[in-house]
Every structure is written in structure tokens, then in C-alpha cells.
Enquirer: 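One structure, as C-alpha cells, below. Some questions next.
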Amino acid sequence: MSSSMGSGMFPGQQSAGPHPVGGPGQPGLLSGAPGNRVQGPNTLVDDLEASFEACFASLVSQDYVNGTDQEEIRTGVDQCIQKFLDVARQTECFFLQKRLQLSVQKPDQVVKEDVSELRNELQRKELLVQKHLSKLHHWQQVLEDVSVQHRKPSDLPPPGPLAFLEQASASLPAVPLKQT
């Protein structure tokens, strides 16, 4: 794939640096301001949008719905999807080239972005650690409560309403019953 994918994203934008991006006949990402479609050579965004629409059109087309040749339908859909994937790769390549240019021209900007991403990730992980610690403390408390209950069964309240009477009567001396 060539390293010349297009000039700037906006009209009048010149590519800076020793490695110009752009060439005659090759589409840029946008050839006009966002929202303004420029007649002429298609841009990568136009191609991506058109191939995306073609994918859906091929799936809902009456020709395909009423068609009987399944192999022809499959081939048409596969071609549309392959074109979409190709244009998506070209668009990704465009952005990667712009990212490379930025890293060469403004390395401090890339470092700032990396630091910001790392801070966000660190904050997210700290919140996750706090969440797990609170769960850990909760379950430690539950385990401690359960172990305390098993160690001191005599301190537990009696299981039923007659348990107190049964305990009291067990401590009384046995009296022989009279037979009549």
C-alpha cells in the first residue's frame, strides 16, 4: 500500500513535514469540509459510506429476496462485504499515517496522550480495586460472624420457645414417679 493516501483533511491544508501525504488521483479522507460533498473524485469517506450502503442494499434487495440462485446471491453479498473491508482498511491506513506524521512532528503531543490514557486506566483500576476491597471486607465480616457463632453455642439464644423450660428441667434432680 502506498504511503500517499491524500492531502489534508480540509481544503487549503498543506501536509507538513518531510514526507508529504497525497498524490494525484489518490483520494484523501475528506476533500471538503465536513458536511459538504464535493463533486469529483471520491474520498475514502464517500467510498466507505457507499460500500457500507451497498452491503445492506445487497441483503435487502428484491432481486436477492426473490432470487432462486443461492450461489449468485452469496457471491454478490461476499463481493460487497469484501469491498467494504478493503475501503475500511484504506481508511484505517489513512489514520495510521496521520498518527505517524503527528508522532514525528509533535512527539510531545503523543506523550501527553499516552500519559492521559495511562492516568485514565490507573483511575479505572483503582476504582476496581476499591470495589473488590469492599467486597472482601464484607465477606471477611460474614466469615467472622459465622465463626463466632460456632465457637460460642451456649451464648446463642435457644432454638425454640420451650428450650428455656427444657434447660431448667434438665438441671433439676430426677424425681421417681408414683405408680397408682
Enquirer: Is there side-chain contact between Leu127 and Lys131, with heavy atoms separated by less than 4.5 Å?
Expert: no
Enquirer: Do the side-chain N and O atoms of Gln141 and Asp145 include a donor-acceptor pair separated by under 3.5 angstrom?
Expert: yes
Enquirer: Any salt bridge between Asp86 and Lys83, counting N to O under 4.0 Å?
Expert: no
Enquirer: Applying the 4.5 Å side-chain criterion to the ILVMFWY set and letting contacts propagate, would Val142 and Val148 be lumped into a single cluster?
Expert: no
Enquirer: Looking at NZ of Lys98 and SG of Cys93, how far apart are the two atoms once the value is rounded to the nearest 0.5 Å?
Expert: 11.5 Å
Enquirer: Has the side chain of Ser116 got a donor or acceptor atom that lies under 3.5 Å from a matching backbone atom of Lys112?
Expert: no
Enquirer: Can a salt bridge be assigned to the pair Glu113 and Arg99 using a cut-off of 4.0 Å between side-chain N and carboxylate O?
Expert: yes
Enquirer: side-chain contact (heavy atoms from CB on, under 4.5 Å), that's the test. Do His132 and Leu128 meet it? Break it down for me.
Expert: CA-CA 6 Å; His132 287 298; Leu128 189 62; 3.7 Å; yes
Enquirer: If I take atom CZ from residue Arg89 and atom CD from residue Glu92, how far apart are they, to the nearest 0.5 angstrom?
Expert: 9.0 Å
Enquirer: Please confirm whether the backbone N or O of Leu100 pairs with a side-chain atom of Ser103, one donor and one acceptor, at under 3.5 Å?
Expert: yes
Enquirer: Pair Glu126, Gln130 - check side-chain contact (heavy atoms from CB on, under 4.5 Å), show working.
Expert: CA-CA 6 Å; Glu126 284 176 354; Gln130 290 301 320; 5.6 Å; no
Enquirer: Taking atom OG of Ser51 and atom CD of Gln90, what is their separation to the nearest 0.5 Å?
Expert: 9.5 Å
Enquirer: As an exercise, state the distance from CG of Leu48 to OG1 of Thr43, rounded to the nearest 0.5 Å.
Expert: 9.5 Å
Enquirer: Within this structure, what is the SG-CG distance for the pair Cys80 and Leu85, rounded to the nearest 0.5 Å?
Expert: 11.5 Å
Enquirer: In the structure I gave you, are the side-chain heavy atoms of Phe84 and Ile81 within less than 4.5 Å of one another anywhere?
Expert: no
